[in-house]
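Input: a single structure, listed below in structure tokens.
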2 protein chains.
Amino acid sequence: MSSKVPVAGKLNDVIFYSIDKAIRTYRQYAQKQLRDHGFDITIDQWLVMKALLENPGIKQQDLAGMVFKDNASVTRIIELLVKAGYLERTVHQTDRRMAKLTVTDKGKGTLRDMQPVVNNNRKRALKNIDEDTILLAKNMLDQVTENCKH
Amino acid sequence: MSSKVPVAGKLNDVIFYSIDKAIRTYRQYAQKQLRDHGFDITIDQWLVMKALLENPGIKQQDLAGMVFKDNASVTRIIELLVKAGYLERTVHQTDRRMAKLTVTDKGKGTLRDMQPVVNNNRKRALKNIDEDTILLAKNMLDQVTENCKH
DNA sequence: TTTCAATAATTGATATATCAAATATATCAA
DNA sequence: TTGATATATTTGATATATCAATTATTGAAA
């Protein structure tokens with residue numbers, strides 16, 4: 001009797017393969033949609049901006065954790081966002097090691113304009129999948145995250 | 001009445017966030033395990049080698065699709081694998097545009113030696129998750145992939 | 001056979017991922 | 001205050017992702 005979900009075996013049978021493939025395919029699709037709608041911004045840049053808007057005054061380190069990116073990656077993403085005029089960066093009042101990051105009006109406007117496209121991407125990606133399944137999968141994935149977080 | 005799985009909203013509630021976070025956390029964990037066991041190879045290099053071993057004679061383009069990577073990425077990953085002595089590359093007999101790629105004995109040996117670590121990583125990542133849930137999640141994720149594949 | 005379109009792979013440019021090392025600033029103990 | 005240590009961020013080096021452009025080769029039409 002063989003297991004239905006082999007731990008090892010053909011790549012295709014491994015759940016992690018499905019996870020990786022799903023998120024990559026989704027990101028490709030979403031990125032292309034944004035591009036086709038005239039937005040010159042990457043998914044990662046969007047994510048960082050969004051997280052900043054939802055958590056004003058957050059420090060870069062926490063921001064990195066929130067978008068599960070490396071500090072170094074966040075530094076470079078922020079550089080580009082500042083250069084593009086979506087973010088403003090000033091030194092923190094009380095702790096000069098930190099940067100105070102604010103989403104500019106241009107950034108907010110872009111986020112607002114992008115939202116319909118983002119919503120549509122998600123809707124499209126979740127077509128023919130019912131909410132219970134999504135919730136179950138989300139819990140399962142969050143458990144994987146927990147299991148791997150040392 | 002609010003939806004249990006909002007299409008838009010706080011980042012944390014979005015399924016795609018969970019997917020991305022899970023696979024990244026898993027990859028970080030798995031990569032660290034490999035490193036700690038003395039293997040000097042990336043997850044992506046492992047994936048490409050594994051796919052080549054399971055599909056001898058495959059052309060790079062199909063290989064790229066199989067590991068859902070870009071042709072350019074695969075080209076560069078292969079370069080490194082050849083340089084490290086894990087792969088051998090010769091010109092194809094009948095079609096000189098193609099490369100014939102073979103996993104060397106060294107490559108096979110490394111894959112074999114790595115397998116226990118890989119198995120353990122997967123086991124650890126799936127702790128406390130029952131098989132039915134995994135299967136359901138896998139089907140859900142495969143549906144997402146399908147939905148986004150244009 | 002010459003020419004042109006299709007195919008396989010590479011290369012260039014830019015963005016992100018990752019780890020280690022370096023900077024800058026803050027904090028706390030002596 | 002000085003000195004050691006901790007914290008926040010940046011920088012450097014290398015790997016991968018992505019798209020566009022290029023190269024090499026093949027296949028088919030004129």
Side-chain angles (χ1 to χ4, degrees), chain A residues 20-21 23-36 39-49 57-84 86-87 89-101, chain B residues 20-21 23-36 39-49 52 57-65 67-84 86-87 89-101:
Chain A
D20 209 3
K21 186 161 188 170
I23 195 63
R24 280 178 201 252
T25 311
Y26 171 70
R27 285 173 71 95
Q28 279 172 4
Y29 167 70
Q31 187 70 66
K32 179 163 171 37
Q33 285 302 113
L34 288 181
R35 209 171 39 244
D36 289 353
F39 295 103
D40 189 23
I41 194 174
T42 68
I43 305 268
D44 296 297
Q45 290 168 7
W46 173 84
L47 184 61
V48 165
M49 246 209 291
I58 195 177
K59 71 175 141 180
Q60 263 179 237
Q61 236 173 334
D62 295 337
L63 177 61
M66 179 157 300
V67 298
F68 36 88
K69 288 181 187 303
D70 194 72
N71 281 338
S73 301
V74 169
T75 291
R76 279 145 189 161
I77 292 174
I78 286 174
E79 268 175 28
L80 294 176
L81 286 171
V82 169
K83 193 177 299 175
Y86 292 125
L87 286 188
R89 159 186 232 141
T90 55
V91 271
H92 188 95
Q93 250 69 13
T94 65
D95 189 338
R96 299 171 47 76
R97 287 172 301 184
M98 293 198 271
K100 207 179 92 180
L101 299 165
Chain B
D20 209 2
K21 186 162 191 172
I23 196 62
R24 281 178 200 251
T25 311
Y26 172 71
R27 285 172 71 97
Q28 280 173 2
Y29 167 70
Q31 186 70 66
K32 176 161 172 40
Q33 285 302 112
L34 289 180
R35 207 171 40 242
D36 289 352
F39 294 103
D40 190 24
I41 193 175
T42 68
I43 305 264
D44 296 297
Q45 289 168 7
W46 173 84
L47 183 62
V48 165
M49 246 209 289
L52 266 174
I58 195 178
K59 70 174 139 179
Q60 265 180 234
Q61 239 173 332
D62 294 338
L63 176 60
V67 298
F68 36 86
K69 287 180 188 306
D70 195 71
N71 281 339
S73 301
V74 169
T75 292
R76 281 149 190 160
I77 292 174
I78 286 174
E79 270 175 26
L80 293 177
L81 287 171
V82 169
K83 192 177 300 175
Y86 293 125
L87 286 188
R89 160 185 230 141
T90 55
V91 271
H92 189 95
Q93 251 67 14
T94 64
D95 189 338
R96 301 173 44 77
R97 288 171 300 183
M98 292 197 271
K100 205 178 93 179
L101 298 166

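Every chain is numbered from 1 and lettered A, B, ... according to where its sequence line falls, protein lines coming before strand lines.
Between C:dT16 and A:Q45, a contact under 4.0 Å exists linking OP1 or OP2 to a side-chain N or O. Phosphate contact (OP1/OP2 of C:dT18, side-chain N/O of B:Q28, threshold under 4.0 Å): present. For C:dA17, one of the phosphate oxygens OP1 or OP2 lies less than 4.0 angstrom from a side-chain nitrogen or oxygen of A:S73. For B:T75 and C:dT11, the shortest distance from a side-chain N or O to OP1 or OP2 is not below 4.0 Å. The shortest distance between the side-chain N/O atoms of A:Q31 and the OP1/OP2 oxygens of D:dC19 is not below 4.0 Å. For A:K59, no side-chain nitrogen or oxygen approaches OP1 or OP2 of D:dT9 to under 4.0 Å.
Judged by distance alone, with hydrogens and angles left aside, B:R97 brings a side-chain donor or acceptor within reach of the base of C:dT7, the pair sitting under 3.5 Å. Contact annotation: side chain of B:R76 to base of C:dG12, donor-acceptor pair present below 3.5 Å.
Here the C1' atom of nucleotide D:dT16 and the CD atom of B:E79 are 12 Å apart, to the nearest Å. Protein atom CG of A:D44 is 10 Å distant from nucleotide atom P of D:dT18, rounded to whole Å. Rounded to an integer number of Å, the gap from B:R24 CZ to D:dA15 P is 19 Å. Atom CE in B:M98 sits roughly 13 Å away from atom C1' in D:dA24 (whole-Å rounding). A:N71 places its CG atom 18 Å from the P atom of C:dT23, with the value rounded to the nearest Å. Here the P atom of nucleotide D:dA21 and the CG atom of B:D70 are 15 Å apart, to the nearest Å. Between the CD atom of B:Q60 and the P atom of C:dT7 there is a distance of 17 Å, given to the nearest Å. The interatomic distance linking B:D40 (CG) with C:dA20 (P) rounds to 12 Å, in whole Å.
Here the side chains of B:T25 and A:F68 are not in contact, with every heavy-atom distance at 4.5 Å or above. Residues A:V91 and A:R97 have side chains not in contact (no heavy-atom distance under 4.5 Å, counting atoms from C-beta outward).
No more than 12 heavy-atom neighbours from other residues, nucleotides or ligands sit within 6.0 angstrom of CG on B:D40.
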Derivation of the side chain to side chain contact (heavy atoms under 4.5 Å, CB included) call for A:H92 and A:T94: CA-CA 6 Å; A:H92 188 95; A:T94 65; 3.2 Å; yes
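Between D:dT25, D:dA17, C:dT10, one nucleotide has an atom nearer to the side chain of B:R96 than all others, and that is D:dT25. For A:T42, the listed nucleotide lying nearest its side chain is C:dA15; candidates were D:dT16, C:dA15, C:dA9.
Residue A:R89 is the one, among A:R27 and A:R89, whose nearest nucleotide of DNA chain D lies closer to the 5' end (criterion: closest heavy atom).
Remark: B:R27 engages B:D44 in a salt bridge, criterion side-chain N to carboxylate O under 4.0 Å.
C:dA29 is paired with D:dT2 under the criterion used here, namely a Watson-Crick or G-U wobble arrangement in which both key atom distances are under 3.5 Å.
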